[in-house]
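The next block holds one structure in the form of structure tokens; read it before the comments.
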Amino acid sequence: RGPCCPDSPAPPTPDSVSFPGDVMDGDVQAMAAEIQALRDEVARLTAENATLRAAAAVAAPPPPPPVPALQLRRCPVKPPAKFDGNRDHFAAFRAQCGLYMRMRPEDFPNEQVRVGFVINQLTGPAAQWATMRLLADDPLLNDCQAFLTAMGRFFGAELRQEMATREVRRLRQGKQSVVDYTIKFQLLMHDLCWNEEALMAQYREGLRGEILDALARTPPPQTLDDLMRTCLQIDSRLEERKLERKSAGSLFSLAATPATPQAAFSPPPASCFPEPEPMQLGATRFYLPKAEMDRRRAAGLCFTCGQKGHLAQACPWNKSAENYQSR
């Protein structure tokens, strides 16, 4: 087409033409700027990270101690037997629960755990009573001693205290030893709510007179345990003294008993002393039947006089026989 054609484009000028080298230089510069921006961002983040680490190191708590290895141990006390609401067994059940929890303190860190253990050891009516407390979310579940006290009150432990009060006021030593009296007193006093002075006064009241007399000559005990220990020692000394007197009396009666006189001896009859044989003048021989000799030999009797304690050669009546022959 000719230059005068109106639809043909204008020819390019030198300023409007872009060469490949100019494009590459622009891209390189842009990339270099981006890289520098990334480097600046990395440096900023690194500095911020270091600052945060330093602050965390200052404010961080010390590391927890290492967890010790689990050590299984065997408790020397067995869990108490199930309690079914029998008031006669309540005191023993309460004491056994307390002992078991004291032997394993790591297993009972708070009151709720202790109450849960007690409830687990209930059965029958006692378990039903505890179930009602659980359903009602009773505040007793937060106090083990209060829980046990309420349970004992519900199942008649207070009646047991009244019975123990009557029994201990009637208790007397009588002819029994202080050991037996003390054991009965201790069994009753665990059901009482008396103080130390009242228990000591009641213990003295039931003692025998001779124990009280000996107790009056000793320094006054300050505690119930000291009083019981002193009375046990007194009773032991009195028993030893009785045995000594009894032994001494036996020896005295043995020494004072007169000796039993020996039975009077009658010389053998004259028929036992025959006439002396010739050439044996003065010789004396006894002639006993064989059956009699066997009897005396078996019984250990003298062949001459028929008594025990000597032989015929040493018989004191040989001389009597010689005198009899010389008549």
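As the structure is a computational prediction, the values presented were derived from the model and not from experiment.
Within the 4.5 Å cutoff, side-chain heavy atoms of Trp194 are placed close to those of Val168. Side-chain contact between Leu215 and Leu227 is present, with at least one heavy-atom pair separated by less than 4.5 Å. Contact of the Leu232 side chain with the Thr182 side chain is registered, since non-hydrogen atoms from C-beta on lie closer than 4.5 Å. You'll find the side chain of Asp235 reaches within 4.5 Å of the side chain of Arg208, heavy atoms only. Put simply, the side chain of Glu162 does not reach to within 4.5 Å of the side chain of Thr165, judged on heavy atoms. Side chains of Glu197 and Met200 form no contact here, defined as non-hydrogen atoms less than 4.5 Å apart. Contact annotation: the side chain of Trp129 approaches that of Phe154 to within less than 4.5 Å [non-hydrogen atoms, C-beta and beyond]. Residues Leu192 and Gln202 are not in side-chain contact: their nearest non-hydrogen atoms beyond the backbone lie 4.5 Å or more apart.
Nearest heavy atoms, Cys302 versus Arg296: O-NH1, 3.2 Å.
Applying the salt bridge (charged side-chain N to carboxylate O under 4.0 Å, His left out) test to pairs two or more places apart or on separate chains, those with a residue in residues 111-122 are Glu111-Arg114. Each side-chain hydrogen bond (donor to acceptor under 3.5 Å, both in side chains) pair with one or both residues in residues 216-225, not counting sequence neighbours, appears once here: Thr223-Asp226.
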request  = Could you please spell out the steps behind the side chain to side chain contact (heavy atoms under 4.5 Å, CB included) verdict for Met228 and Gln186?
outcome  = CA-CA 10 Å; Met228 291 180 175; Gln186 288 178 335; 3.4 Å; yes
request  = Starting from the C-alpha separation in whole Å, work towards a yes-or-no answer on side chain to side chain contact (heavy atoms under 4.5 Å, CB included) for Phe155 and Phe90.
outcome  = CA-CA 8 Å; Phe155 288 103; Phe90 177 75; 5.9 Å; no
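Remark: side-chain polar atoms of Lys242 are not paired, donor with acceptor, to backbone N or O of Arg237 under 3.5 angstrom.
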Exercise answer: donor-acceptor pairs, residues 42-50 side-chain atoms, under 3.5 Å, sequence neighbours excluded:
from	atom 1	to	atom 2	distance (Å)
Arg44	NH1	Glu48	OE1	3.3
Arg44	NH2	Glu41	OE2	2.4
Thr46	OG1	Val42	O	2.7

Considering only distance and modelled atom types, tabulate donor-acceptor pairs under 3.5 Å from the side chains of residues 138-147, sequence neighbours left out.
from	atom 1	to	atom 2	distance (Å)
Asp138	OD1	Leu140	N	2.9
Asp138	OD2	Arg133	NE	3.3
Asn142	OD1	Gln112	NE2	3.1
Asp143	OD1	Gln145	N	3.2
Asp143	OD1	Ala146	N	3.4
Gln145	OE1	Arg94	NH2	3.0

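Gln176 pairs by the side chain to side chain donor-acceptor pair (under 3.5 Å) definition with Lys184, not counting sequence neighbours. Taking the side chain to side chain donor-acceptor pair (under 3.5 Å) definition, one finds that Glu196 meets it with nothing, sequence neighbours left out. Residues satisfying the salt bridge (charged side-chain N to carboxylate O under 4.0 Å, His left out) criterion with Arg53, sequence neighbours excluded, are absent altogether. A search for side chain to side chain donor-acceptor pair (under 3.5 Å) contacts involving Thr123 returns nothing, not counting sequence neighbours. By the side chain to side chain donor-acceptor pair (under 3.5 Å) test, Arg172 pairs with Glu205, sequence neighbours left out. Looking at residues two or more places apart in sequence or on another chain, you find a ring-ring contact (aromatic ring centres under 6.0 Å, His included) between Phe185 and Tyr203. Residues passing the side chain to side chain contact (heavy atoms under 4.5 Å, CB included) test with Arg102, sequence neighbours excluded: Leu99. Residues that satisfy the salt bridge (charged side-chain N to carboxylate O under 4.0 Å, His left out) test with Arg295, not counting sequence neighbours, are Glu292.
Taken from CG in Leu171 to CG in Leu188, the straight-line distance is 6.5 Å, to the nearest 0.5 Å.
For CD of Gln36, the number of neighbouring non-hydrogen atoms (other residues, nucleotides, ligands) closer than 6.0 Å is greater than 12.
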